[in-house]
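A short write-up of the structure that comes next.
Just follow the structure's listing: the first ligand is 1, and inside any ligand the first atom is 1. We count residues from 1, following the sequence as given. Predicted model only: the values in this text are computed from it and were never measured.
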Amino acid sequence: MFDKILIANRGEIAVRIIRACKELGIRTLAVYSKADADSLHVQLADEAICIGDAPSQESYLKIDRIISAAEVGDVEAIHPGYGFLSENAHFAEVCENCNIKFIGPASSSIRSMGDKVAARETMRKAGVPIVPGSDGHVGDEQDALKIARRIGYPVIVKAAGGGGGRGMRVAHNDPSLVKGYHTARSEAERAFSNSNVYIEKYIESPRHIEFQILADRKGRTIHLGERDCSLQRRHQKLVEESPSPALTSDLRKKMGKAAIKAAQAVDYINAGTIEFLLDASGTFFFIEMNTRIQVEHPVTEEVTGIDIVKEQIRIAAGEELGYDQKDIQFQKHAIECRINAEDPFNNFQPSPGRIEFLHVPGGHGVRVDTHVYAGYVIPPYYDSMIAKLICYGRDRRVALDRMARALDEFIIRGIKTTIPLHKLILKDPNFRRGRYSTSFVERLLEASQPLVP
Ligand code: ADP
């Protein structure tokens, strides 16, 4: 096992990784930007090194500074968390070349899944169902129109290097496709420095179902069940739960098998997630693989009792998984609400600033993963997520009642948060019945405009 790990991230995930390291007896080195000097991850780590100015391009994305910090700090491994450099194949390669273990898959696996067009092709060859769409990158406007006419409207233009719901445009006819093709391309160029796009059939009101995978060096690949992440705003997840109210045990088995096949197709090692869309008829399609830890991993941890971050570290250190698929028990229901510093009454405007007062919910079946505290000043430079509230219990009803109770207890003063939106979701009768799709939140917002505090 490693003696010391560098955490190339910030916020709640850096804190989450430090916790796993402490329990494993591993020392931690935090890196931070000038805007994060007062951050909790800096306070909780054994050591900390400032790596640059506030903007991520000047700090958390600076590969050379992170590697220098790793060398100065004499660490054996780097955990990239999510976002930032976590899915940067070049960074993983630099770590490999510097003899520092990258806590994640091999750079080749990141690369095969990083280009979503290449990933579609790999999946098609492996026999994993993909959404009908273009065979490769879309060449130009005419090519886009040809593909759309072949598969039929509506279609969605997506960025090959995409992530975080950016670089995506839905089109219902030729003119909107031409416009969407150009906006998706320029958005993709700005966000990912890669303007390549591809086209998929737009599945109307699907469910987003993803499977958590663990794979070790000995070729053992298992799944830890699914998460239903259909509650989204602008293709970004807001609420996740496990198990999905939409899956029968038969469908779960089929999708689980497909997820394992998908991971094996790229010789995947470590923790990863295979994302699918599930349509109203029960047909599922691969959309992408995330080759890193995900924000919503705690939901799976509470349902299975497995600490996924510790498993990532153990696998990177060369240890084998100590169990097989048949040993995985799904015993509880868990749900997570992402608490963002955004104003849901004002078009989700970011709301950075000082937290004047904080009361974090607790009690049986409640977990809060956060890096904020009373008096903390949320910097304007990074992701707006400030906490994850996870509630679990013996069944869905218990978990949902607990979440409603915990949301009432959660008090954050000084900034605006998405807590009022979560309360609204939890009260919705269709959500309570488990009947929802990726269009649920947008419809709820339209129906409750203006959202009353
Ligand atoms: P990103 O990597 O940006 O998160 P994904 O491919 O994972 O992009 O898709 C994010 C979300 O966008 C999905 O959960 C779904 O809500 C929507 N989406 C993506 N592709 C399609 C599609 N073909 N049809 C309908 N919705 C889609």
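- One option in Glu200, Arg166, Arg234 has a heavy atom closer to atom 23 (N) of ligand 1 than any other, and that option is Glu200.
- Annotation: cation-pi pair Arg185/Phe192 absent, no NZ/CZ under 6.0 Å from the ring centroid and within 45° of its normal.
- Close approach of ligand 1 to Lys158 is summarised as follows: ligand atoms under 4.0 Å from at least one heavy atom of the residue are 6 (O), 19 (C), 20 (N).
- When only non-hydrogen protein atoms are considered, atom 3 (O) of ligand 1 lies nearest to Gly165 N, 2.6 Å.
- In summary, the atoms of ligand 1 found under 4.0 Å from a heavy atom of Thr438, numbered by their order in the structure, are 16 (O).
- Within the structure, ligand 1 has Lys116 among the residues with a heavy atom less than 4.0 angstrom away.
- Atom 26 (N) of ligand 1 has as its closest protein heavy atom Tyr202 CE1, 3.6 Å.
- The single protein non-hydrogen atom nearest to atom 12 (O) of ligand 1 is His235 ND1, 3.2 Å, given as residue, atom name and distance.
- Ile203 N, 2.9 Å is the protein heavy atom nearest to atom 24 (N) of ligand 1.
- A cation-pi geometry, defined here as NZ or CZ lying under 6.0 Å from the six-membered ring centre and within 45° of its normal, does not hold between Arg367 and Tyr392.
- Taking the ring centroids of Tyr82 and His297, they lie at or beyond the 6.0 Å cut-off.
- For Tyr32 and Tyr60, the distance between ring centers is not under 6.0 angstrom.
- Of all atoms in ligand 1, numbered sequentially from 1 with element shown, those under 4.0 Å from a heavy atom of Ile156 are 22 (C), 23 (N).
- Ionic pairing of Asp307 and Arg16 is present here: one or more N-O contacts between side-chain nitrogen and carboxylate oxygen are shorter than 4.0 angstrom.
- In terms of polar-atom proximity, defined here as any N/O pair under 3.5 Å, Ile287 makes no such contact with ligand 1.
- For ligand 1, the atoms closer than 4.0 angstrom to any heavy atom of Gln232 are 11 (C), 13 (C), 14 (O), 15 (C), 16 (O).
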Throw together a table of side-chain donor-acceptor distances under 3.5 angstrom for residues 126-136, partners on residues two or more places apart or in other chains.
from, atom 1, to, atom 2, distance (Å)
Ser134, OG, Gly136, O, 3.1
Ser134, OG, Ile199, N, 2.9
Ser134, OG, Ile199, O, 3.4

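- Those atoms of ligand 1 that come under 4.0 Å of a heavy atom in Glu275, given as number and element, are 7 (O).
- Residue contacts with ligand 1, taken as heavy atom pairs separated by less than 4.0 Å, do not involve Gln236 at all.
- Separation of the Phe211 and His223 ring centroids falls under the 6.0 Å cut-off.
- Ionic pairing of Arg443 and Glu446 is not present here: no N-O contact between side-chain nitrogen and carboxylate oxygen is shorter than 4.0 angstrom.
- Checking Asn290, Val155, Leu231, Leu277 against atom 22 (C) of ligand 1, the nearest heavy atom belongs to Leu277.
- Under the 4.0 Å criterion applied to side-chain N and carboxylate O atoms, Arg396 and Glu241 are assigned as salt-bridge partners.
- Residue pairs meeting the salt bridge (Lys or Arg N to Asp or Glu O under 4.0 Å) criterion with at least one partner in residues 271-291, sequence neighbours excluded, are Lys116-Glu288, Lys237-Glu275.
- Atom NZ of Lys310 is surrounded by more than 12 heavy atoms from other residues, nucleotides or ligands within 6.0 Å.
- Numbered from 1 in the order shown, with element, the atoms of ligand 1 that lie under 4.0 Å from a heavy atom of His208 read 13 (C), 14 (O).
- Closest to atom 10 (C) of ligand 1, if we only count protein heavy atoms, is Met168 CE, 3.7 Å.
- Residue nearest to atom 7 (O) of ligand 1, selected from Glu204, Glu288, Glu87, Glu210: Glu288 (by heavy-atom distance).
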